[in-house]
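Beneath this line is the structure, given in structure tokens, with notes to follow.
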2 protein chains.
Amino acid sequence: MTGQVRTVDGRVAGRRGQATRQKLLDCLSEMLSSSPYRDVKVIDVARKAGTSPATFYQYFPDVEGAVLEIAEQMATEGAGLTELLEGRSWAGKSGWQTAQELVDGFLEFWRKNDAILRVVDLGAAEGDKRFYKLRMKILNSVNNSLADSIAELQAKGRVDKDVNPAAVAGSLVAMLAAVAAHQKGFSTWGVKQAELKPNLALLVHLGVTGKKPSK
Amino acid sequence: MTGQVRTVDGRVAGRRGQATRQKLLDCLSEMLSSSPYRDVKVIDVARKAGTSPATFYQYFPDVEGAVLEIAEQMATEGAGLTELLEGRSWAGKSGWQTAQELVDGFLEFWRKNDAILRVVDLGAAEGDKRFYKLRMKILNSVNNSLADSIAELQAKGRVDKDVNPAAVAGSLVAMLAAVAAHQKGFSTWGVKQAELKPNLALLVHLGVTGKKPSK
DNA sequence: TCGGTAAGCTGACGGCATGACAGGACAAGT
DNA sequence: ACTTGTCCTGTCATGCCGTCAGCTTACCGA
């Protein structure tokens with residue numbers, strides 16, 4: 001499926017090659033966490049990995065290319081977010097729990113990968129299709145599940161006809177992503193992490209079901 | 001209040017100086033719209049403005065500094081977003097209209113300034129306090145108004161006690177900002193602009209009042 | 001009208017990142 | 001030890017960064 005890992009000039013990478021390649025990715029990832037995207041230089045990544053810039057260019061066309069690689073790895077991991085919604089109910093107390101767990105899991109995932117997700121977000125916002133698709137891939141699992149839930153409730157007549165499930169789901173997911181990205185921001189806004197979560201869950205619940213949760 | 005415009009080395013800028021300074025800002029702004037932030041180079045901006053890189057560095061410490069300047073100008077403009085909520089009611093049909101107009105105005109503002117707002121968002125997410133404060137300055141007008149509205153409804157007993165107005169308001173504003181930043185994204189998700197707005201307005205109304213709007 | 005002064009701009013330069021290549025180091029099999 | 005193919009790096013041309021000295025331009029008082 002994934003095919004073999006190849007260098008820029010077409011060679012297949014062996015065991016050692018893959019190791020240094022991965023090391024470069026790890027170092028880049030670390031670098032992204034500690035300094036602004038704009039200031040991340042190939043030479044710094046190479047130095048940190050104990051190798052030379054030339055080696056970096058053997059495996060990646062540029063910094064952007066390497067970031068895409070990292071993001072791709074994360075995206076497959078992120079598919080696990082579907083579990084947060086699979087087979088869950090939105091009725092009654094269990095609905096409130098579903099919302100809470102979704103918020104919890106989502107924020108946690110974002111917190112773990114915030115550095116790369118920032119860059120993916122930027123790339124997508126700038127209109128780069130590769131980043132755009134990647135962002136979709138990450139969010140689609142949650143988004144589709146949410147949209148399905150809403151559509152289902154709508155079919156049962158428990159949600160208004162003129163609600164567009166995809167639009168609402170997309171907006172809620174965007175909200176979760178944005179809040180996750182600016183979590184630190186809220187704290188200086190006078191909102192503590194612990195307070196934030198239930199309020200987010202409330203908004204999600206309201207959005208999906210159109211009703212306040214029964215706790 | 002604003003004091004005089006000064007060059008990096010402390011001279012006060014005269015008429016001509018301010019003109020080129022502004023021209024550099026305009027060109028940078030244009031540049032940000034057409035190419036990725038990471039690839040915007042001082043030399044390109046200078047060339048576009050028909051001047052030399054040295055001139056750029058006379059007025060700004062670096063690209064980031066110039067971006068901050070542009071964002072600052074935009075932030076004062078953005079204070080006008082308060083109007084979208086000032087003296088509006090959240091009751092009955094007028095509540096629905098308030099929500100709609102807020103969404104409309106917000107998306108429009110974002111669409112107009114998307115390039116700079118992208119960069120501000122990135123800077124804030126990366127933890128840069130200057131960008132962070134700027135983002136607050138832009139969003140505060142809307143955020144505070146929303147939080148006040150919620151707190152007011154809460155005082156009247158129309159919103160649950162355990163709702164944190166600041167958290168909900170912040171989340172809703174974050175949602176609006178995120179959706180605005182990825183407006184194009186929704187369209188390929190199968191959601192048209194025109195469909196998106198009412199659904200966003202619905203979510204805002206639900207978040208503020210806890211109830212479905214009466215249209 | 002004529003300097004004098006400060007603002008405004010640029011050419012040029014050392015320094016560093018980029019990206020390409022060719023050649024040397026290394027591991028594994030024979 | 002020798003061969004083979006993978007892997008890494010020294011080196012180089014190119015181009016951007018950020019700074020400086022020095023030149024040009026505008027303003028102002030005498």
Side-chain angles (χ1 to χ4, degrees), chain A residues 2-32 34-70 119 123 128, chain B residues 2-28 30-32 34-69 119 123 128:
Chain A
T2 53
Q4 282 163 315
V5 179
R6 288 186 175 274
T7 58
V8 168
D9 54 338
R11 274 206 317 275
V12 288
R15 186 171 297 155
R16 192 151 74 106
Q18 291 202 26
T20 54
R21 195 185 124 101
Q22 190 57 48
K23 190 166 193 178
L24 284 168
L25 287 178
D26 292 343
C27 290
L28 171 56
S29 201
E30 211 177 320
M31 214 103 220
L32 285 173
S34 60
S35 47
Y37 179 46
R38 203 168 193 284
D39 297 343
V40 171
K41 307 290 178 191
V42 169
I43 198 170
D44 296 322
V45 177
R47 253 200 290 268
K48 199 180 187 77
T51 179
S52 82
T55 302
F56 182 96
Y57 286 106
Q58 199 155 43
Y59 294 106
F60 311 103
D62 50 22
V63 174
E64 210 185 32
V67 168
L68 275 167
E69 197 71 24
I70 298 175
V119 180
D128 187 310
Chain B
T2 52
Q4 284 163 313
V5 180
R6 287 186 175 276
T7 59
V8 169
D9 56 338
R11 279 202 307 273
V12 289
R15 186 171 301 154
R16 191 152 74 109
Q18 293 201 24
T20 53
R21 195 185 124 102
Q22 190 57 49
K23 189 164 193 178
L24 283 168
L25 287 178
D26 293 342
C27 290
L28 172 56
E30 211 176 319
M31 214 103 219
L32 285 173
S34 60
S35 48
Y37 179 47
R38 203 170 194 282
D39 297 342
V40 171
K41 307 290 179 193
V42 169
I43 197 170
D44 297 321
V45 178
R47 253 201 289 267
K48 200 180 185 76
T51 179
S52 84
T55 303
F56 182 95
Y57 287 106
Q58 198 155 46
Y59 294 106
F60 311 103
D62 49 22
V63 174
E64 210 185 31
V67 169
L68 275 167
E69 198 71 24
V119 180
D128 187 309

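First the proteins, then the strands, lettered A, B, ... as listed; each starts at 1. What you are looking at is a predicted structure, and each value in this text was computed from that prediction instead of being measured. Both backbone and side-chain heavy atoms feed into the values below; hydrogens, waters and symmetry mates do not.
When side chains are defined from C-beta on, B:Glu69 counts as touching B:Arg21, because their heavy atoms get closer than 4.5 Å. Counting only heavy atoms from C-beta outward, the side chains of B:Tyr59 and B:Val8 never approach each other to under 4.5 Å.
Residues passing the side-chain hydrogen bond (donor to acceptor under 3.5 Å, both in side chains) test with B:Arg38: none are found, sequence neighbours excluded. Taking B:Thr20 as the reference, nothing meets the side-chain hydrogen bond (donor to acceptor under 3.5 Å, both in side chains) condition, with sequence neighbours excluded. Evaluation of the side-chain hydrogen bond (donor to acceptor under 3.5 Å, both in side chains) rule for B:Asp44 yields no partner, not counting sequence neighbours. Legend: residues meeting side-chain contact (heavy atoms from CB on, under 4.5 Å) with A:Ala46, ordered by chain and number and at least two apart, are A:Thr51, A:Pro53.
For the segment residues 37-62 of chain B, the set of residues with a heavy atom within less than 4.0 Å of an atom of DNA chain C comprises B:Thr51, B:Ser52, B:Ala54, B:Thr55, B:Gln58, B:Tyr59, in numerical order.
To the nearest 0.5 angstrom, B:Leu25 atom CG is 8.0 Å from B:Phe56 atom CZ. How far CZ of A:Phe60 is from CG of A:Leu68: 11.0 Å, rounded to the nearest 0.5 Å.
Using a 4.0 Å heavy-atom distance criterion, B:Thr20 is classed as a sugar-phosphate-only contact.
Atoms CG (B:Asp9) and P (D:dG18) sit 16 Å apart, rounded to a whole Å.
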Protein N or O to nucleotides 25-30 of chain C N or O, pairs below 3.5 Å:
none

